[in-house]
Enquirer: 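Structure in structure tokens, see below.
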Amino acid sequence: MDPDVEFAYTEGLTEAEVETRLRDATDGVLALADDGDAYAIPVFHHYENGSLYVRLGETPDSRKAAYAETTDTATYVVYEAEATGDDAEQYGWSVVARGPIRAVPPDDPAYDAVSINDRFAPIRVFDEALDEIELTLYELRIEELAGRAN
């Protein structure tokens with residue numbers, strides 16, 4: 001081992017701490033896969049009853065939709081890193097959630113447009129025409145959940 005490499009020890013977060021961070025955070029990175037090809041996107045989320053919900057704006061040629069269909073196990077990462085003024089003393093935490101992902105049926109009464117707008121930040125659009133965007137709500141049912149902090 002290289003003696004010049006510095007390490008920072010981390011410790012596991014309790015289940016309650018992990019759930020608090022998932023509830024309090026509004027955004028993270030969703031990682032999807034198609035065979036050996038990965039695709040990760042920053043998204044807003046809502047955490048509820050052991051599941052993460054993400055709302056995606058999809059167009060007819062959407063890479064997000066294609067990857068969501070081929071992903072058996074999705075990974076979602078929420079994290080925070082904070083400088084403390086001393087490079088050797090940085091603070092950070094992370095939560096990694098993994099599980100199957102599925103589109104929530106659009107007629108699900110628990111997720112009508114009003115309740116979705118209450119749970120999520122406004123959807124971000126880039127160069128897409130609004131009439132070409134289809135909004136899809138996905139549920140990542142958490143099967144593996146871990147958190148670390150230092």
Side-chain angles (χ1 to χ4, degrees), residues 7-8 10-85 87 89-108 110-150:
F7 295 89
T10 63
E11 56 187 44
L13 298 173
T14 66
E15 185 176 324
E17 290 170 322
V18 167
E19 289 194 0
T20 296
R21 282 177 168 78
L22 286 176
R23 258 193 298 285
D24 291 350
T26 59
D27 56 278
V29 177
L30 176 65
L32 305 169
D34 183 3
D35 196 22
D37 193 28
Y39 183 64
I41 49 175
V43 295
F44 292 106
H45 75 266
H46 173 73
Y47 174 72
E48 184 177 322
N49 300 325
S51 289
L52 283 161
Y53 294 87
V54 297
R55 180 174 62 164
L56 302 180
E58 301 171 340
T59 58
D61 60 342
S62 174
R63 205 184 293 186
K64 292 176 266 190
Y67 276 82
E69 287 179 19
T70 60
T71 299
D72 292 327
T73 302
T75 300
Y76 192 74
V77 178
V78 179
Y79 70 95
E80 181 178 290
E82 185 179 306
T84 62
D87 288 342
E89 295 293 324
Q90 295 202 2
Y91 170 77
W93 61 264
S94 63
V95 171
V96 177
R98 292 176 39 85
I101 191 167
R102 70 168 184 98
V104 175
D107 60 350
D108 186 322
Y111 294 99
D112 62 9
V114 172
S115 67
I116 289 173
N117 283 336
D118 287 344
R119 293 174 173 140
F120 292 92
I123 192 127
R124 303 300 197 254
V125 294
F126 300 99
D127 293 331
E128 303 95 350
L130 293 181
D131 60 346
E132 291 183 11
I133 298 174
E134 182 177 326
L135 298 178
T136 306
L137 182 66
Y138 287 91
E139 176 191 18
L140 188 159
R141 190 172 30 85
I142 298 172
E143 292 182 345
E144 297 175 40
L145 185 60
R148 308 238 8 119
N150 70 323

Enquirer: Asn150 side chain to Gly92 main-chain N or O, any donor-acceptor pair under 3.5 Å?
Expert: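 Pair found, side chain donor or acceptor close to backbone of Gly92.
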Enquirer: Judged by atom type as modelled, is there a donor-acceptor pair below 3.5 Å linking the side chain of Thr71 to the main-chain atoms of Ala74?
Expert: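 No.
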Enquirer: Would you confirm whether Tyr39, through its side chain, and Ala31, through its main-chain N or O, come within 3.5 Å as a donor-acceptor pair?
Expert: no
Enquirer: Between OG of Ser62 and CD of Glu69, what distance do you get to the nearest 0.5 Å?
Expert: 9.5 Å
Enquirer: How many angstroms lie between atom CD1 of Ile142 and atom CG of Leu22, to the nearest 0.5 angstrom?
Expert: 5.5 Å
Enquirer: So how far is it from Thr14 OG1 to Glu17 CD, rounded to the nearest 0.5 Å?
Expert: 3.5 Å
Enquirer: Less than 4.5 Å apart, side chain to side chain, heavy atoms only: is that true for Val96 and Leu145?
Expert: no
Enquirer: Where do Ile116 and Leu137 land on the side chain to side chain contact (heavy atoms under 4.5 Å, CB included) test, with the steps shown first?
Expert: CA-CA 9 Å; Ile116 289 173; Leu137 182 66; 4.1 Å; yes
Enquirer: CG/Leu13 to CD/Glu15 distance, rounded to the nearest 0.5 angstrom?
Expert: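 Rounded to the nearest 0.5 Å, the CG-CD separation comes to 11.5 Å.
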Enquirer: Decide if the gap between the ring center of His45 and the ring center of Tyr53 is smaller than 6.0 angstrom.
Expert: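 So the answer is no for these two rings.
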Enquirer: Does Glu80 come within less than 4.0 Å of Arg21, counting only side-chain N to carboxylate O?
Expert: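 Looking at Glu80 and Arg21, the cut-off is not met.
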Enquirer: Please name the pair of heavy atoms, one in Thr75 and one in Arg98, separated by the smallest distance, quoted to 0.1 Å.
Expert: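 So the two residues come closest at OG1-NH1, 3.0 Å.
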Enquirer: In terms of heavy-atom contacts, does CZ of Phe44 have more than 12 from other residues, nucleotides or ligands at under 6.0 Å?
Expert: yes
Enquirer: Apply side chain to side chain contact (heavy atoms under 4.5 Å, CB included) to the pair Leu30 and Ile101, showing each step before the final yes or no.
Expert: CA-CA 10 Å; Leu30 176 65; Ile101 191 167; 4.2 Å; yes
Enquirer: Between Val43 and Leu56, does a side chain to side chain contact (heavy atoms under 4.5 Å, CB included) hold up when you go through it step by step?
Expert: CA-CA 8 Å; Val43 295; Leu56 302 180; 3.6 Å; yes
Enquirer: Mind listing the closest non-hydrogen atom pair of Val78 and Ala25 along with its distance?
Expert: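 That closest heavy-atom pairing would be CG1-CB, 3.5 Å.
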Enquirer: Have Arg55 and Asn117 got a donor and an acceptor in their side chains that come within less than 3.5 Å?
Expert: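 There is such a pair (donor and acceptor under 3.5 Å, judged by atom type) between the side chains of Arg55 and Asn117.
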Enquirer: Between Thr70 and Asp35, is there a donor-acceptor pair closer than 3.5 Å when you use the side chain of the first and the backbone of the second?
Expert: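 Pair absent, no side-chain N/O of Thr70 close to backbone of Asp35.
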Enquirer: Among Glu139, Glu144, Glu143, which one satisfies salt bridge (Lys or Arg N to Asp or Glu O under 4.0 Å) with Arg141?
Expert: Glu143
Enquirer: Of the non-hydrogen atoms in Tyr76 and Gly28, which two are nearest, and what is the gap between them?
Expert: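 Nearest heavy atoms, Tyr76 then Gly28: OH-N, 2.8 Å.
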Enquirer: Please give me the minimum heavy-atom distance between Tyr67 and Ala38, naming the atom from each residue.
Expert: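 In this case the closest contact between Tyr67 and Ala38 is CE2-C, 4.1 Å.
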Enquirer: Would you compute the distance between atom CD of Glu19 and atom CG of Asp24 and round it to the nearest 0.5 angstrom?
Expert: 11.5 Å
Enquirer: Counting only N and O atoms by type, is there a donor-acceptor contact under 3.5 Å from the side chain of Thr73 to the main-chain atoms of Pro100?
Expert: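 Side chain of Thr73 to backbone of Pro100, a donor-acceptor pair under 3.5 Å: no, none is there.
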Enquirer: Provide the closest heavy-atom pair for Leu135 versus Gly57 in the form atom of the first, atom of the second, distance.
Expert: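 Taking every non-hydrogen atom into account, CD2-CA, 3.9 Å.
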Enquirer: State whether the number of non-hydrogen atoms from other residues, nucleotides or ligands found under 6.0 Å of Arg63 atom CZ is greater than 12.
Expert: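 Open.
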Enquirer: Just by modelled atom types, is the Glu58 backbone N or O under 3.5 Å from a matching donor or acceptor in the Lys64 side chain?
Expert: no
Enquirer: Might you point out which heavy atoms bring Trp93 and Ala149 nearest each other, and give the distance in Å?
Expert: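 Closest approach of Trp93 to Ala149, heavy atoms only: CB-CB, 3.8 Å.
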Enquirer: I would like to know whether Glu48 and Arg23 meet salt bridge (Lys or Arg N to Asp or Glu O under 4.0 Å); could you show each step before the answer?
Expert: CA-CA 8 Å; Glu48 184 177 322; Arg23 258 193 298 285; over 6 Å; no
